[in-house]
Amino acid sequence: MLLNFQMTAAISPVRLIVSRWTTLVGLLLISTTVLPSVAMAQLEEGRSRVFTEDTFTTFDFSFDPKNNPFKASVFSVEPIDFSISVSEFSISASKLTSKRFCFFPSALDLSPSLPESEAVVVQTRSFAPLSPVASKPIFKLQPRPSKLPKREPVPPQPEPVAVKIGAAPSNPYAVEIKSASQAFANSLLPSDTAAGQVAWRYINRNWNASTGLVNAVEDYPWTTLWDQGSAVLGIHAARQLKLITPAEFRTRIAPLLQTLQTLPLAPTGLPNKAYSTRTAKMRTLDNAPDPQGKSGWSVLDTARLLLSLHVIKTHYPEYKPQVNAIVARWKLSQLVKDGWLQGGAPKGHRIIGVQEGRLGYEQYAAESLKLWEIKASKALTQPPITTIQLEGIRLDIDQRNLKNSGASNYLTNDPYLFWGLELGWTEAVKPQVLNLLAVQRQRHKRTGILTAVNEDSLDRPPYFLYGSVYADGKPWNTQSVHGKPADHLKQFSTKAAFAWEALFPNEPYTKLLRNSAQSLMNKNQGFFTGQFENQTPSVNTVLNVNTNAAVLESILFRTRRSKPLISP
């Protein structure tokens, strides 16, 4: 069912009239200190978000015609009056004032199953310093007598735990609902299905039938093992989300596994750093022929592919013998030396072992290798770290940097987000994760610039950059793989936005990230990598497998109710 509504801005309270049995949603009137422009929106299959840029106000509505719940949320930098009239129910909220924004949780189930005499109080809990709203009731839902058939009530949700940044939370969510109704924070929404379909189109279009490999970048027949790890997880997510049939899944995954089983290896007995997706022959990182495998190997990339293969054999036991045969060919003992991760780098006419990985990437890779009984104990427990204060928030930083080690110590989102989605965080890393989110939110609060940094491809030279919270002694550092500054190309990362929202679905800032990333796409080709902070045109239009696989992983994580992908 398609519901249409028109939003009109005026200086008057917000009002929305919804009929359960018609397809018309009436006028929405918004009260702000600045008069925004008129906006139009469509509620397709029950979900819509509306933006008014002048006041950075977001309205989020959903309506399920089958089960009859209506949900609404408001996110604004301006104080507003907000009220909704819905058939048998009414919601009201007094005018709220905040230095930055007011937030109304979206998890409101206005189903007719509520007892007629029961009032439902919705509260927020402070998630310092991520949420400025104190722990207090912000509105009350009073059910009116209903003649509709009643459904069985859902048991109350467990009591959330208020946490502080720097602590390891048992429940890092910020919304509490005291009633018999249910929060749908992790359920699959129509917008998730639409996003998944767009992301799948990238993998489908860039899949090579002759090898089963997926292009790392749109129409560019080249890949690393990290990219193929993303491709495998993206195909798996599409299957689990029922975006493709079991037969389509087999069509995609079977030739990919067959190629990996016969993949040309360097004399080291390990996969090369790069391959052609058309021929599966070894290539250099600059996509030149490398028939002798002189580029060496990356332990980080290999670990990500190994993680993805473990997901396949866990969820599809029929492929377990083939996956084990693939891994048995590789001399994996070379990936770890003296408890540290070891990559292979060219030196003269030979490949030498070098320590690889910095804080974040190092531990994500080491945890992935543990799935295959490969233990890098020192990488997990003894990374050389120091502590800094950035935006008033404590962060752990790797002491090994470009100047003293020849390799940069990027502190960025990718490893921590994939760690959470795919493996689940250890207790030890949770404080760092929470602080990583908090410091990006704080930069947004201070500057007004949406901040979600990452390593990402570019649609212009130098074509690949690391965006970091901190790297090589500099906060908010953006640089090339060779350490060349590129702050003019700072960008907001699509994959980081989707992943943060999946991992913290009730955090206001992650909702804002996801809302902003939702439109960064070509609906027929996939999601764009991101949006530049100071460039014209602003959209980074490059399409790549890592971004689109991350979108699919994030949506799958939501449907599994925050269960990591590695788990059965």
Side-chain angles (χ1 to χ4, degrees), residues 49 51 55-58 60 73-78 96 98-106 124-135 160 162-169 171-175 185 360 388-397 411-417 420-421 425 429-454 467-471 475-478 490-518 520 530-531 533 554:
R49 291 183 173 93
F51 306 92
T55 56
F56 297 99
T57 303
T58 303
D60 190 345
S73 68
V74 179
F75 185 95
S76 176
V77 296
E78 300 290 347
L96 300 179
S98 168
K99 291 181 179 178
R100 197 63 189 173
F101 57 78
C102 305
F103 174 66
F104 292 75
S106 61
T124 65
R125 284 180 174 269
S126 61
F127 187 46
L130 294 183
S131 174
V133 184
S135 179
V163 299
K164 293 182 179 180
I165 296 301
N171 185 349
Y173 301 117
V175 175
I388 66 165
Q389 290 283 330
L390 180 60
E391 306 282 351
I393 296 165
R394 177 186 179 276
L395 292 167
D396 289 333
I397 303 296
L411 177 58
T412 192
N413 285 318
D414 247 14
Y416 293 101
L417 297 179
L421 293 173
W425 294 309
V429 79
K430 285 180 180 178
Q432 176 83 340
V433 172
L434 292 172
N435 289 356
L436 187 61
L437 176 58
V439 75
Q440 293 173 88
R441 176 205 168 272
Q442 186 62 25
R443 179 176 183 258
H444 170 249
K445 182 178 181 180
R446 175 174 59 82
T447 67
I449 301 172
L450 270 181
T451 304
V453 300
N454 235 334
S468 301
V469 167
Y470 189 92
W476 306 115
N477 191 1
T478 299
K490 277 185 170 66
Q491 70 168 327
F492 164 88
S493 172
T494 301
K495 60 181 172 178
F498 270 87
W500 275 125
E501 194 272 342
L503 290 159
F504 294 97
N506 291 329
E507 165 54 40
Y509 185 61
T510 67
K511 289 177 180 289
L512 184 58
L513 295 179
R514 167 71 186 267
N515 288 349
S516 300
Q518 189 77 29
L520 296 175
Q531 188 162 11
E533 292 183 1
S554 300

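Throughout, residue positions are numbered sequentially from 1 according to the sequence presented.
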- I would like to know whether His444 and Leu512 meet side chain to side chain contact (heavy atoms under 4.5 Å, CB included); could you show each step before the answer? CA-CA 11 Å; His444 170 249; Leu512 184 58; 3.7 Å; yes
- Item | Nearest heavy atoms of Gly467 and Thr478, plus distance in Å | CA-OG1, 4.1 Å
- Yes or no on side chain to side chain contact (heavy atoms under 4.5 Å, CB included) for Leu436 and Gln440, after CA distance, side-chain angles and deciding distance? CA-CA 7 Å; Leu436 187 61; Gln440 293 173 88; 3.8 Å; yes
- Could you tell me which non-hydrogen atom of Ala452 sits nearest to which non-hydrogen atom of Asn413, and how far apart they are? C-ND2, 3.8 Å
- Task: Check whether any side-chain N or O of Thr451 sits under 3.5 Å from a backbone N or O of Ile449 as a donor-acceptor pair, and report yes or no.
- Result: yes
- Drop me the distance from Asn435's CG to Tyr416's OH, to the nearest 0.5 angstrom. 10.5 Å
- Item | Passing candidate, side chain to side chain contact (heavy atoms under 4.5 Å, CB included) with Phe492, options Val453, Asn454, Leu520 | Leu520
- Task: Compare every heavy atom of Leu450 with every heavy atom of Glu533, then report the nearest pair and how far apart it is.
- Result: OE2-O, 4.2 Å
- Point-to-point distance, once rounded to the nearest 0.5 Å, from CG of Leu437 to CH2 of Trp500: 4.5 Å
- Query: Where do Ala502 and Pro505 come nearest, in terms of heavy atoms and distance?
  - Reply: O-CD, 3.6 Å
- Using a 4.5 Å cut-off on heavy atoms from C-beta on, say whether the side chain of Phe498 contacts that of Gln518. yes
- Minimum heavy-atom distance between Gly420 and Leu503, given as atom pair plus value: C-CD2, 3.8 Å
- Answer yes if the side chains of Arg446 and Gln442 hold a donor-acceptor pair under 3.5 Å, and no otherwise. no
- Task: Tell me, with the steps shown, if Asp414 and Lys495 meet side chain to side chain contact (heavy atoms under 4.5 Å, CB included).
- Result: CA-CA 8 Å; Asp414 247 14; Lys495 60 181 172 178; 3.0 Å; yes
- Which of Val469, Val439, Ile388 passes side chain to side chain contact (heavy atoms under 4.5 Å, CB included) with Ile393? Answer is Val439
- Message: If you define the side chain from C-beta out and look only at heavy atoms, does anything of Phe504 sit under 4.5 Å from Leu513?
- Response: no
- Specify the closest pair of heavy atoms between Gln491 and Gly530, including all atoms of both residues, with the distance to one decimal. OE1-CA, 3.7 Å
- Message: Between Trp425 and Gln432, do the side chains contain a donor N or O and an acceptor N or O under 3.5 Å apart?
- Response: no
- Task: With rounding to the nearest 0.5 Å, note down the distance linking NZ in Lys511 to CG in Asn506.
- Result: 5.5 Å
